[in-house]
Amino acid sequence: MNLRRFLNSRLLKTAFFKNVLTLMLGTGLAQLITLCVSPVLTRLYIPEDFGGLSLFTALVAIFGVVANGRMELAIPLPSDFTASKNIFRLALIITLGFSAALCLLMLLTYGILINTPYAFSKWFLLIPLSVVFFGIQNAINYWLTRNTKFKLQSQSKIILSLVSALTSVGLGFAGMGTSGLLLGFLFGQFTCLLWIAVSGEFSRALLFKDFSWNEIKTQAKEYRSFYKINTPHALIDAIQENGIVYLIAVFFTKSVTGLYSFAFKILKAPLSLLGGAFFQAFYNKIAEAKHQQKEISSYLRAAYGYFFIIGFPVFLVLFLYAPELFGFVFGASWRESGYMAQILAPWLFLNFIVSSVSSITLVCEKQKEAFIITGIDVLLRLMALAIGYFYESYRVAFLWMSINGSLLMLFTLWWYDRIARLNNKDINAS
């Protein structure tokens with residue numbers, strides 16, 4: 001699809017893209033707040049402080065992504081409102097149960113955990129609380145997606161980013177180090193949920209009116225593939241994306257961990273701006289199209305063109321000038337983080353496109369195959385780190401990670417297109 005045809009396509013004029021733009025606006029403002037505050041934070045905190053934050057948030061992300069049993073992903077799928085509501089309730093119940101078990105585990109092992117060398121070790125007991133916030137927010141986001149409440153989603157993202165940033169800056173001036181970044185992160189999560197609760201969307205009626213355990217069990221059985229198949233898939237995916245900071249901390253240094261996590265955070269900004277917004281809107285749209293027996297390949301290919309046009313200039317600038325930009329904006333001590341961003345840019349650009357449309361595997365029930373691809377991704381990243389450790393160079397590790405990841409993402413883009421085309425054939429044959 002050429003640029004002129006894409007820009008003139010009717011798809012851009014639909015409610016679908018208006019929803020995408022609404023989410024993008026909220027996420028964009030949230031990311032803008034983070035990016036504007038980052039030059040201040042990098043002068044208040046040292047790389048080791050960011051390393052401590054990344055180790056804490058990595059555990060939260062790993063536990064949080066499976067806290068709902070992945071049932072939040074099923075919320076937009078039923079056409080029946082009551083069925084969606086019961087899936088939402090099931091997601092919250094699983095979150096509370098999982099977090100309670102995690103809290104018990106943390107209490108039992110706290111004596112061991114507190115003696116670890118990680119800078120955030122005294123905050124271990126707050127991980128279950130952060131996971132609760134994470135899980136509830138995930139469930140609410142998909143409930144709002146199912147009911148096209150994209151404006152509220154955008155507002156909540158802005159609130160989270162603003163509160164986290166201001167709290168971290170204030171505690172940074174107080175000289176709190178890693179603790180300041182952690183408390184900023186937690187307070188942002190709490191305020192985000194409070195904002196949604198005050199809006200009235202997260203109501204008592206939603207939680208308890210016409211509550212039925214039998215209906216919840218029915219939905220749990222109907223969508224059991226999400227917690228049986230997608231949960232281990234998501235767990236491995238989260239470990240390979242977030243657990244890598246622990247391997248970097250072991251193989252290299254805390255400073256390298258902090259520099260890497262900061263570079264990854266900056267590179268993920270455009271991913272979050274566009275990809276996160278598009279993922280939820282795209283998921284809702286193709287789920288609806290599948291219900292109505294409509295072809296989905298046109299949406300997928302338009303998405304490919306959309307993200308290439310939008311993302312390529314951003315990542316090209318980072319690929320060419322990241323070290324200079326990082327040194328100028330964040331301070332000379334962060335120039336090395338820019339070199340890491342430069343190396344990883346091609347891989348994350350392709351990942352940016354893939355992650356935005358990955359919901360196609362859920363809608364087309366290709367979770368087992370997606371799980372295999374994630375497993376391959378894990379092995380490739382481990383191989384890259386092993387090579388870097390052998391050569392005693394984290395740059396070599398990240399270079400191999402970028403090359404391997406880029407090739408795998410290209411294959412995945414081809415596979416998604418094949419899934420869409422096969423879906424079209426099934427529709428035409430029926």
Side-chain angles (χ1 to χ4, degrees), residues 59-108 125-147 149 152-153 156 160 186 189-239 279-280 283-284 287 359 362-363 365 367:
L59 284 179
V60 172
I62 290 170
F63 292 130
V65 78
V66 298
N68 301 113
R70 302 299 282 174
M71 292 307 298
E72 79 278 11
L73 295 173
I75 292 171
L77 295 180
S79 56
D80 181 66
F81 178 83
T82 302
S84 289
K85 183 168 64 174
N86 284 317
I87 295 172
F88 173 74
R89 290 169 175 172
L90 175 61
L92 293 183
I93 291 169
I94 294 173
T95 297
L96 294 176
F98 178 85
S99 300
L102 182 60
C103 184
L104 179 61
L105 177 64
M106 290 291 177
L107 287 171
L108 292 174
L125 292 181
L126 289 180
I127 289 176
L129 176 64
S130 187
V131 170
V132 168
F133 292 157
F134 194 103
I136 294 175
Q137 187 177 350
N138 267 349
I140 290 176
N141 275 337
Y142 281 93
W143 175 254
L144 295 177
T145 295
R146 192 249 184 253
N147 295 290
K149 301 286 185 178
L152 182 58
Q153 283 181 272
S156 66
L160 189 153
L186 288 165
Q189 283 186 298
F190 172 75
T191 310
C192 173
L193 292 179
L194 186 62
W195 178 267
I196 295 174
V198 170
S199 73
E201 287 296 327
F202 192 51
S203 64
R204 183 180 177 85
L206 174 61
L207 295 175
F208 302 110
K209 186 177 180 180
D210 301 323
F211 188 92
S212 171
W213 279 111
N214 288 332
E215 289 297 324
I216 290 175
K217 290 177 183 177
T218 298
Q219 298 306 320
K221 184 177 180 180
E222 175 71 18
Y223 294 97
R224 59 186 178 276
S225 62
F226 284 86
Y227 55 82
K228 285 187 174 181
I229 298 174
N230 195 267
T231 295
H233 176 190
L235 179 61
I236 291 179
D237 201 24
I239 290 174
F279 177 89
Q280 296 197 40
Y283 186 21
N284 196 44
S359 56
L362 302 173
V363 174
E365 300 179 1
Q367 299 179 56

If I compare all heavy atoms of [X] with all of [Y], which pair ends up nearest, and what's the gap?
X: V65; Y: A238; answer: CG1-CB, 3.5 Å
X: V131; Y: A67; answer: CG1-CB, 3.9 Å
X: Q219; Y: M71; answer: O-CE, 4.3 Å
X: Y223; Y: P78; answer: OH-CG, 3.4 Å
X: T95; Y: A91; answer: OG1-O, 2.8 Å
X: F211; Y: R89; answer: CA-NH1, 3.4 Å

Short side-chain donor-acceptor distance under 3.5 Å, S84 and R146
yes
When you measure from the side chain of [X] to the backbone of [Y], do you find a donor-acceptor pair of N or O atoms at a distance under 3.5 Å?
X: Q153; Y: N141; result: yes
X: S156; Y: W195; result: no
X: N68; Y: G135; result: yes

Among N138, L92, I136, whose side chain to side chain contact (heavy atoms under 4.5 Å, CB included) with E72 holds?
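Passing option: N138.
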Let me see the working for S130 and Q189 under side chain to side chain donor-acceptor pair (under 3.5 Å), right down to the final yes or no.
CA-CA 8 Å; S130 187; Q189 283 186 298; 2.6 Å; yes
Quick check for you: to the nearest 0.5 Å, what is the distance between [X] atom [atom1] and [Y] atom [atom2]?
X: L152; Y: W143; atom1: CG; atom2: CH2; result: 13.5 Å
X: I239; Y: I62; atom1: CD1; atom2: CD1; result: 5.5 Å
X: F134; Y: I127; atom1: CZ; atom2: CD1; result: 13.0 Å
X: I196; Y: K149; atom1: CD1; atom2: NZ; result: 13.0 Å
X: L235; Y: R70; atom1: CG; atom2: CZ; result: 10.0 Å
X: L125; Y: C103; atom1: CG; atom2: SG; result: 7.0 Å

Quick one: does [X]'s side chain get under 4.5 Å of [Y]'s, heavy atoms only?
X: F63; Y: L102; value: yes
X: I93; Y: I216; value: yes
X: I75; Y: T145; value: no
X: K217; Y: L90; value: no
X: F226; Y: L77; value: yes

Basic-acidic side-chain contact under 4.0 Å: R224, E222:
no
One pair to check against side-chain contact (heavy atoms from CB on, under 4.5 Å): T191 and L160. What are the steps and the verdict?
CA-CA 7 Å; T191 310; L160 189 153; over 6 Å; no
